[in-house]
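Since the structure comes first, as structure tokens, the remarks are kept for the end.
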Number of protein chains: 2
Amino acid sequence: MSQTVDRALSILPLLAEGPADLGQVADRLGVHKSTALRLLRTLHEHGLVYRQSDQRYRLGARLFALAQEAMENLDVREIAHPHLIRLNESCGHTVHLAVYEENEVLYIDKVESRYPVRMYSRIGKPVALTVAAVAKLLLADLPEHERRAVAEKLDYPSYTPRSTPNATAFLRELEKVREQGWATDLGGHEESINCVAAPIRGADGRVVAAMSVSAPNVVVTADELLTLLPLVRRTADAISGEYSGRTPVKGTV
Amino acid sequence: MSQTVDRALSILPLLAEGPADLGQVADRLGVHKSTALRLLRTLHEHGLVYRQSDQRYRLGARLFALAQEAMENLDVREIAHPHLIRLNESCGHTVHLAVYEENEVLYIDKVESRYPVRMYSRIGKPVALTVAAVAKLLLADLPEHERRAVAEKLDYPSYTPRSTPNATAFLRELEKVREQGWATDLGGHEESINCVAAPIRGADGRVVAAMSVSAPNVVVTADELLTLLPLVRRTADAISGEYSGRTPVKGTV
DNA sequence: CTGCGGCGTTGCAGTGTCTGCAACCTTCAT
DNA sequence: ATGAAGGTTGCAGACACTGCAACGCCGCAG
């Protein structure tokens, strides 16, 4: 909508790939060097871009701070956090919290497992939509046409033989998830990792977030993990209760 | 430098404070609603801004993803991480890694303590410059005039009676830190928390990052914490060695 | 049901801001 | 010393951005 801003913002993902010098930025934007310079300067003034010692540009510190603040403003996260901790303390596995936004699902909180085997995942990282249990829950709650649109636009990478193969299978899975009110990922993303997930709902019943417990095969089998389902659902429901204002939170006025 | 981009970027910190509607944004920017709308739209297209269900604007998901990628591109962090983990495993306390950038010091990594007492700090959060041990190390390494300029521009909040009171005291402290090659914060930020920190240097000897171990009084006294200094320094040196390419990293070709 | 007020959105004309150019400067390598 | 490469600046012209005003939408109250 706004050419100048559009160009300036296009610089950010470009720099996210790694540092670049003025010429590279100008080329990839398709603008004159002087133009790129002025855009970078503006970004720099706002701290979004940093000029490292070799004169090349990198993403800047304020970006972290902004992301940080944005995160702290997410009510769900704040409310959910103590519950996630408690769940982790009682079962020992990795616990995730995720939300859906604009065709992406991303982790907004994570509590690490209490044993040395760690999962590779990070707060802020986009989630594999087609296989992750939390993604299934969040997508399953979208209005029908939107769900269909998303499902057909997606790629279906075969992470493992158990990955969701295509849109049809995915939509069927979402339908199932929608009805049963919980979801799993049994080795669909990484062969040896299973997840079980439950939805967190707002006052209007819409799914606002999803949480999951993940554990590798070497620690517990899929069946054993599934025995945690009631606990996961209870936790998710407790969070839903607080989030939608139904459950008064002790300690709050 | 570029008015349009400048205005657009000013929206981000504004939204970081909390969601706002079109009118509020326009007012605070001092522009017409239609102008604000177009800026917001552009930000939206790039995923930096999200329109929540009540039509108000919030910071968007891509911001997390960008911050995430930026962080993963920081070589120091990647190299340091396993060392931090190991240090945490051997001493049990909270371990931080921080860098300096444009008048700010911020945590770029953190390993939580192995006991229930947790510190309030977050990756991406700016650090209290005048008291934190890591900040002292990073500022102490700045060229003299810059160090002085920063010191005089700062506020010196009295978090505790032991907080650095003013620029003079701070500069003296920095000089000391510079000479001894390590730093502490003994209850200067939070009465009951002590830190001991060491610098990580690049090939040219400049301080590129600083790491610290923090622990509350209730767990160990300041004196006990200080006995960890050699271990902290060894860890920092090991990281420096890898970072500057002096130590070949096993497992890497 | 209807009229009102608030808020977001769109088309348009004027102009102020951004663009690309070309010349200049610095740094580094030959 | 000389040249090349990349960064920086001033300028005139073009066009993208701005603010306005009118419109549409929704919720609310009479």
Side-chain angles (χ1 to χ4, degrees), chain A residues 1-15 17-60 101-102 143 145-146 202-206 245, chain B residues 1-15 17-60 101-102 143 145-146 202-206 245:
Chain A
M1 286 270 86
S2 166
Q3 191 192 54
T4 317
V5 178
D6 186 43
R7 285 173 171 172
L9 297 182
S10 304
I11 293 178
L12 298 178
L14 192 155
L15 290 184
E17 296 169 20
D21 64 26
L22 180 62
Q24 294 168 342
V25 172
D27 281 353
R28 295 203 39 187
L29 278 189
V31 300
H32 196 270
K33 277 188 307 177
S34 57
T35 305
L37 178 70
R38 283 181 284 245
L39 296 177
L40 281 166
R41 273 227 257 264
T42 312
L43 289 169
H44 181 91
E45 272 172 27
H46 285 259
L48 298 185
V49 145
Y50 176 66
R51 194 130 195 219
Q52 46 186 34
S53 44
D54 61 352
Q55 295 245 99
R56 292 191 306 166
Y57 295 91
R58 264 209 312 94
L59 291 183
E101 187 173 305
E102 312 264 320
H145 62 279
E146 199 173 336
D204 54 0
R206 291 289 311 271
Chain B
M1 288 268 89
S2 165
Q3 191 191 55
T4 317
V5 178
D6 187 46
R7 285 173 170 171
L9 297 182
S10 304
I11 294 177
L12 298 178
L14 193 155
L15 289 185
E17 295 168 20
D21 64 28
L22 180 62
Q24 294 167 345
V25 172
D27 282 352
R28 294 204 40 189
L29 279 188
V31 299
H32 197 269
K33 276 187 308 176
S34 56
T35 306
L37 177 70
R38 281 180 286 244
L39 296 177
L40 281 165
R41 273 228 258 264
T42 312
L43 289 168
H44 180 89
E45 273 172 25
H46 286 258
L48 298 185
V49 144
Y50 176 66
R51 194 121 197 230
Q52 45 185 34
S53 45
D54 61 354
Q55 296 247 102
R56 291 191 306 165
Y57 294 91
R58 262 210 312 97
L59 291 182
E101 186 173 307
E102 312 265 320
H145 63 280
E146 201 173 334
D204 54 0
R206 291 288 312 272

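Fair warning: this is a prediction, and the values are worked out from it, not measured in the lab. First the proteins, then the strands, lettered A, B, ... as listed; each starts at 1.
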Exercise for the section: Take B:Glu45 and A:Leu9 through the side chain to side chain contact (heavy atoms under 4.5 Å, CB included) test and state the conclusion after the steps. Expected result: CA-CA 10 Å; B:Glu45 273 172 25; A:Leu9 297 182; over 6 Å; no

Practice task
Kindly give the heavy-atom pair with the smallest separation between A:Tyr57 and A:Leu15, and that separation in Å.
Solution key: O-CD2, 3.6 Å

Handout entry: Rounded distance in Å - CD (B:Gln3) to P (D:dT18)
Key = 7 Å

Exercise for the section: Mark yes or no for a side-chain to base donor-acceptor pair under 3.5 Å between B:Arg41 and C:dG8, with no hydrogen or angle criteria applied. Expected result: no

Practice task
Ignoring backbone atoms, test whether A:Arg7 places a side-chain nitrogen or oxygen under 4.0 Å from the OP1 or OP2 oxygen of C:dT19.
Solution key: yes

Practice task
Find out whether A:His44 and A:Arg51 are in side-chain contact, i.e. whether some heavy atom of one side chain is under 4.5 Å from a heavy atom of the other.
Solution key: yes

Practice task
State whether A:Thr4 places a side-chain N or O below 4.0 Å from either non-bridging phosphate oxygen (OP1 or OP2) of D:dA16.
Solution key: no

Problem - Nearest-0.5 Å distance that lies between atom CZ in A:Arg41 and atom CG in A:Leu22 - result: 9.5 Å

Exercise for the section: For the pair B:Ser2 (side chain) and A:Leu39 (backbone), establish whether a donor and an acceptor sit closer than 3.5 Å, ignoring hydrogens and angles. Expected result: no

Exercise for the section: Please check the phosphate of C:dC7 (OP1 and OP2 only) for any side-chain N or O of B:Arg56 closer than 4.0 Å. Expected result: no

Exercise for the section: Can you see which heavy atom on B:Ala8 is nearest to which on B:Leu43, and at what distance? Expected result: O-CD1, 3.6 Å

Practice task
Rounded to the nearest angstrom, tell me the gap between atom CG in B:Leu39 and atom C1' in D:dC17.
Solution key: 9 Å

Exercise for the section: Using atom CG of B:Leu22 as one end and atom P of D:dC25 as the other, report the distance to the nearest whole Å. Expected result: 18 Å

Handout entry: Divergence of helical axes at both termini of the helix from C:dC1-D:dG30 to C:dT30-D:dA1 - five pairs an end, 10° steps
Key = 30°

Please report, to 0.1 Å, the donor-acceptor pairs under 3.5 Å made by any side chain of residues 24-31 of chain A, with sequence neighbours excluded.
| residue | atom | partner | partner atom | Å |
| --- | --- | --- | --- | --- |
| A:Gln24 | OE1 | A:Asp21 | N | 3.0 |
| A:Arg28 | NH1 | A:Glu17 | OE1 | 3.2 |

Exercise for the section: For A:Gln55 and D:dG6, give me the distance from atom CD to atom C1', rounded to whole Å. Expected result: 9 Å

Practice task
Mark yes or no for whether B:His46, through its side chain, and B:Leu48, through its backbone, hold a donor-acceptor pair below 3.5 Å.
Solution key: no

Handout entry: Residues A:Glu101 and B:Arg58 bridged, charged N to O under 4.0 Å
Key = yes

Handout entry: Atom-to-atom span, CZ of A:Arg38 to P of D:dT8 - whole angstrom
Key = 12 Å

Handout entry: Separation of atom CG in A:Leu37 from atom C1' in C:dT26, rounded to whole Å
Key = 14 Å

Exercise for the section: Taking only heavy atoms on the protein side, list every residue of residues 26-35 of chain A lying under 4.0 Å from any atom of DNA chain C, sorted numerically. Expected result: A:Val31, A:His32, A:Ser34, A:Thr35

Practice task
Rounded off to whole Å, could you give me the CG-to-C1' distance for the A:Asp21 and C:dC28 pair?
Solution key: 15 Å

